[in-house]
Amino acid sequence: MSQLFKISLPDGSTRDMAPGSTPADVAAAIGPGLAKAALAARIDGELVDLTQPFSGDAALALVTARDEADALDLARHDFAHVLAEAVQGLFPGTQITFGPATDDGFYYDVMAPASRDPFGMDDLPVIEEAMRAIIRADKPLRREVWSRQALIEKWTSEGESFKAEWAAGLPEGEELSVYWSGDDWLDMCRGPHLPSTGKLDPQAFKLMRVAGAYWRGDQNNAQLTRIYGTGWLNKKQLDAHLTRLEEAAKRDHRKLGQEMDLFHLQAEAHGSVFWHPKGYVIYRALEDYMRRAIHGAGYEEIKTPQVMDVRQWEQSGHWGKYAENMFAVPDIVPDVESGAPTVAADAQWMAIKPMNCPAHVLVFKQGIKSYRDLPMRLYENGCCHRNEAHGALHGIMRVRQFTQDDAHIFCREDQVVEEVQAFCALADRVYKDFGFKYAIKLALRPDKRFGSDADWDKAENELRDAVVKAGLATEEYGWAELPGEGAFYAPKLEWHLTDAIGRTWQVGTIQSDRVLPERLDASYIGEDGERHRPVMLHRAIFGAYERFIGILIEEYAGRFPVWLAPVQAVVATIVSDADGYAEEVMEALKAAGIRAESDLRNEKINYKVREHSLAKIPHLLVVGKREADEGTVAVRTLGAEYQKVMPLAEAIAMLQGEATPPDLR
RNA sequence: GCCGCUUUAGCUCAGUCGGUAGAGCACAUCAUUCGUAAUGAUGGGGUCACAGGUUCGAAUCCUGUAAGCGGCACCA
């Protein structure tokens with residue numbers, strides 16, 4: 001007689017189950033309602049199919065739609081499979097590759113048959129219908145274990161070259177799971193999956209877009225078509241998500257930048273920002289803020305040349321690695337009169353700086369530095385140009401001309417951890433002043449790099465130590481290490497912020513570099529009277545003013561806090577009799593340092609309130625006859641439903657308080 | 001750079017079968033002086049992204065280029 005397995009349930013009860021029985025059997029034993037609602041199971045914490053047999057005593061938790069995170073993940077993964085099956089059903093000859101769940105849905109990478117163009121938007125409605133048919137057919141999803149060899153043969157015989165290649169790359173003799181959808185379609189997959197396609201809600205998904213994606217993420221490989229969908233447990237969730245996307249689009253920095261007249265972009269200088277007066281107010285407020293921050297932290301500000309001899313970039317290593325992304329210019333005066341070729345074969349080449357590091361090393365190298373001079377912290381609002389691939393550009397977040405809040409800290413080996421830690425604290429204060437939550441990552445050594453492994457070990461450990469000491473190496477701060485993501489000369493700590501639609505952008509960084517000081521021969525005289533190499537810490541907090549302002553616009557949805565708002569207050573009149581008083585109010589505001597405008601137009605107050613509210617002006621000071629007589633203003637604050645009448649002096653004091661930057665409060 | 005899509009008035013967009021350009025907002029003028037999210041009337045405004053091609057005729061069809069959008073790759 002075989003022994004029974006003891007299966008314990010979350011409520012503390014246990015059930016004895018025969019070997020070979022599954023979570024589905026337990027669900028059925030508990031009740032038909034649960035049997036129907038069960039989507040998958042957790043056996044000893046691991047998410048598995050309902051039909052996965054027990055292998056011994058176990059702790060079992062049945063997963064239903066109420067376990068939302070698990071249920072969503074399962075559903076999205078299944079949507080991806082259904083998508084692939086639908087595409088192959090509609091377009092025989094399509095090759096399938098991979099399709100995972102994402103944060104809000106799923107995608108599948110496919111290769112359209114050679115007989116047709118890559119899939120486009122027009123194909124999506126048809127594919128959606130085919131997916132619904134598969135869901136309605138309620139096809140059982142059944143796991144099977146195949147040998148690697150059997151899979152390779154199957155994929156090869158069916159012309160699935162990508163799948164065959166993948167299977168061939170797996171370890172010899174490994175057993176691989178496949179999932180059948182009904183009896184007529186299968187995909188290689190680790191699982192787990194829902195019991196059948198009918199567990200999906202046919203109204204809870206939507207195919208969103210198509211995009212190109214390289215096989216195995218390598219641009220030297222074939223380009224596949226990635227079909228993206230968003231997938232949920234029910235239509236209500238889907239609709240809520242689509243509404244969220246619409247709301248997010250309203251705070252897009254490109255849209256708000258135009259509506260609020262902050263900046264523009266145009267083809268003649270694509271990838272470079274034209275800052276308008278209102279946008280530049282924000283830019284300058286950030287510059288002022290950052291100057292206060294870095295001066296308080298022991299930095300000195302410098303300014304270095306925009307164009308340097310290419311040989312300098314060769315020496316630093318940047319020309320070798322990034323020449324194609326640098327703007328190079330011949331160092332000649334073109335002879336326009338004679339019409340001679342503008343660039344001679346032997347022209348001397350200069351390059352516009354793509355970054356500030358080498359120039360800062362050159363400043364450091366002037367004169368003899370003593371260990372007593374260290375750490376030396378050199379800061380620059382450094383304007384850089386990089387000729388980015390066209391597809392990389394994105395509004396003002398990723399541009400070809402940008403200004404970094406860039407500094408380099410030259411220090412001794414024994415000062416590195418302390419300096420990095422101090423930087424973590426400084427960055428933390430800055431992000432919190434702007435109301436951001438950030439994630440912090442450590443990008444480790446890449447395959448192609450300069451410098452010895454011993455130095456890389458040291459540098460990575462320094463950064464890791466500093467973060468641990470600063471107490472930031474936690475889940476709360478999204479701490480993670482990213483292998484292979486570092487720069488060619490140093491590992492990087494990266495600070496990431498999130499935009500309106502959930503895309504993350506790197507802003508801050510600090511890098512512990514022993515390569516550039518070596519290549520550019522920077523040194524200081526130590527206590528022992530000998531020459532030593534300083535360690536060079538590259539660091540930025542905003543990253544670039546352009547990107548940071550883009551993120552700020554989206555974070556605030558254009559409703560800037562008063563200290564950053566381009567126009568902090570508008571004085572609006574109700575009748576022309578109040579014009580004189582409005583002018584007086586304006587004078588008083590200006591004298592108090594408030595960025596104010598007046599609106600004396602012959603328009604109804606309703607119209608003015610609406611217009612300035614849409615323009616996201618923080619405070620509207622309304623004046624009519626009554627206010628003029630009493631020396632008051634009626635303050636209507638953005639977002640408030642009522643105005644508050646107060647003496648002018650009181651209003652000014654309030655505005656001055658709100659206009660004070662957070663670091664000066 | 002690659003895949004898909006887009007480009008019409010300052011802005012947001014319509015424009016059917018290829019027949020010579022339309023709306024709302026904005027702007028200007030006039031009237032209106034009004035108490036917290038759109039007062040009314042009138043008017044001006046477009047090489048339909050750019051360059052070729054097909055056609056009697058192109059915003060519309062074809063080819064190329066540029067920029068933008070969504071991804072991929074890249075991001076010192």
Side-chain angles (χ1 to χ4, degrees), chain A residues 107 109 112 117-124 208-228 249 252 254-255 258-259 261 264-271 313 316-322 324-326 353-358 384 386 388-395 397-399 402 404 406 443 446 485-490 492 494 501 503 505-506 509 511 513 516 538 543-544 547 572-579 601-614 620 622-627 634-636 638 640-643 645:
Chain A
Y107 67 78
D109 286 348
D117 290 336
F119 299 109
M121 291 296 285
D122 297 343
D123 298 308
L124 299 187
M208 303 296 280
R209 63 184 91 93
V210 294
Y214 298 103
W215 170 238
R216 294 185 160 191
D218 184 337
Q219 66 170 330
N220 297 312
N221 290 340
Q223 187 159 44
L224 310 166
T225 304
R226 177 167 298 177
I227 301 176
Y228 278 95
D252 187 300
R254 294 162 295 196
K255 183 179 160 69
Q258 182 185 59
E259 283 175 6
D261 194 20
H264 85 273
L265 299 160
Q266 69 179 68
E268 284 71 11
H270 78 268
W313 300 108
S316 70
H318 292 95
W319 186 255
K321 190 157 165 56
Y322 293 111
E324 61 182 14
N325 292 317
M326 288 169 67
K353 70 175 172 187
M355 28 106 72
N356 310 297
C357 332
C384 299
R386 295 179 188 173
E388 304 282 8
H390 285 62
L393 301 176
H394 179 94
M397 304 277 219
R398 184 89 182 267
V399 285
F402 53 93
Q404 299 174 315
D406 198 9
E485 299 281 313
F488 71 86
Y489 52 78
K492 307 189 287 181
E494 301 177 347
I501 61 169
R503 284 182 289 218
W505 296 88
Q506 185 199 313
T509 185
Q511 307 160 8
D513 175 16
L516 272 188
H538 308 243
R547 174 175 295 184
T573 52
I574 296 173
V575 290
S576 53
D577 285 350
D579 285 0
R601 292 175 303 171
N602 177 12
E603 296 288 355
K604 292 190 171 177
I605 193 61
N606 289 310
Y607 181 87
K608 295 185 182 182
V609 167
R610 175 181 156 79
E611 192 166 274
H612 299 302
S613 298
L614 290 175
L620 191 56
V622 177
V623 295
K625 268 187 100 142
R626 204 181 305 149
E627 286 74 16
V635 179
R636 183 174 170 131
L638 184 60
E641 294 196 19
Y642 300 101
Q643 59 278 11
V645 179

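What you see is a predicted model, and the numbers here were worked out from it, not measured in a lab. Here is how names work: the chains are called A, B, and so on, in the same order as the sequence lines, proteins then strands, and each is numbered from 1.
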Listed partners of [X] passing side chain to side chain donor-acceptor pair (under 3.5 Å), at least two apart:
X: A:Thr225; answer: none
X: A:Lys625; answer: none
X: A:Gln258; answer: none
X: A:Asp261; answer: A:His276

Are OP1 or OP2 of B:U36 and a side-chain N or O of A:Asn606 less than 4.0 angstrom apart?
no

So that I can tick it off, tell me whether A:Arg216 and A:Asp218 are bridged by a salt bridge, with the cut-off set at under 4.0 angstrom between side-chain N and carboxylate O.
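Here A:Asp218 does not pair with A:Arg216 in a salt bridge, since their nearest N and O are not under 4.0 Å apart.
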
Is there, by distance only and without an angle test, a donor paired with an acceptor across the side chain of A:Glu627 and the base of B:G35 below 3.5 Å?
yes

For the side chain of A:Asp123 and the backbone of A:Gly120, is there at least one donor-acceptor N/O pair under 3.5 Å apart?
yes

[atom1] atom, [N] versus [M]: distance in rounded Å?
N: B:U42; M: B:U6; atom1: C1'; result: 37 Å
N: B:C69; M: B:A37; atom1: P; result: 36 Å
N: B:A41; M: B:C48; atom1: P; result: 32 Å
N: B:U33; M: B:A49; atom1: P; result: 46 Å
N: B:G45; M: B:A23; atom1: C1'; result: 14 Å
N: B:G4; M: B:C11; atom1: C1'; result: 27 Å
N: B:A58; M: B:G19; atom1: P; result: 11 Å
N: B:G71; M: B:A28; atom1: P; result: 39 Å

Nucleotide [N], atom [atom2] - distance to [atom1] of [X] in whole Å:
X: A:Tyr107; N: B:G4; atom1: OH; atom2: P; result: 19 Å
X: A:Arg626; N: B:C34; atom1: CZ; atom2: P; result: 13 Å
X: A:Leu614; N: B:U12; atom1: CG; atom2: C1'; result: 14 Å
X: A:Tyr607; N: B:C25; atom1: OH; atom2: P; result: 10 Å

What's touching nucleotides 40-44 of chain B from the protein side, N or O pairs under 3.5 Å?
none

I want to verify the glycosidic state of B:C48; is it syn or anti under the 90° rule?
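In terms of base orientation relative to the sugar, B:C48 is anti.
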
A:His612: which residues meet the ring-ring contact (aromatic ring centres under 6.0 Å, His included) condition with it, sequence neighbours left out?
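With sequence neighbours excluded, A:His612 shows a ring-ring contact (aromatic ring centres under 6.0 Å, His included) to no residue whatsoever.
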
I'd like to check the ring-ring contact (aromatic ring centres under 6.0 Å, His included) partners of A:His270; sequence neighbours left out, ordered by chain and number.
A:His390

Does [N] pair with anything, Watson-Crick or G-U wobble, both distances under 3.5 Å, and if so, with which nucleotide?
N: B:U12; result: B:A23
N: B:G18; result: none
N: B:C48; result: none
N: B:U39; result: B:A31

Touch check for A:Ala572, heavy atoms < 4.0 angstrom, all strands: base, sugar-phosphate only, or nothing?
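Touches nothing.
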
Looking only at the side chain of A:Ser576 (C-beta and beyond, no hydrogens), which of the listed nucleotides B:U36, B:U12, B:U33 gets closest?
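In terms of side-chain proximity for A:Ser576, the closest of B:U36, B:U12, B:U33 is B:U33.
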
Give the nucleotide from the list B:U39, B:G35, B:U36 with an atom nearest to the side chain of A:Lys625.
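Looking only at heavy atoms from C-beta outward on A:Lys625, the closest nucleotide is B:G35.
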
Encode nucleotides 66-76 of chain B as B, S and - characters from 5' to 3', where the letter depends on protein heavy atoms closer than 4.0 Å: B to the base, S only to sugar-phosphate, - to neither.
-SSSBBBBBBB

Students often mix this up, so state it plainly: with edges at 30° and 60°, are the rings of A:Phe488 and A:His318 parallel, tilted or perpendicular?
perpendicular

Non-neighbouring partners of A:Glu485 that pass salt bridge (charged side-chain N to carboxylate O under 4.0 Å, His left out), sequence neighbours left out:
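Salt bridge (charged side-chain N to carboxylate O under 4.0 Å, His left out) check on A:Glu485 returns nothing, list empty.
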
Test log, rule side chain to side chain contact (heavy atoms under 4.5 Å, CB included), inputs A:Lys492 and A:Gln506:
CA-CA 11 Å; A:Lys492 307 189 287 181; A:Gln506 185 199 313; 3.8 Å; yes

Starting at the 5' end of RNA chain B, which residue's closest nucleotide do you reach first, A:Leu224 or A:Leu620?
A:Leu224

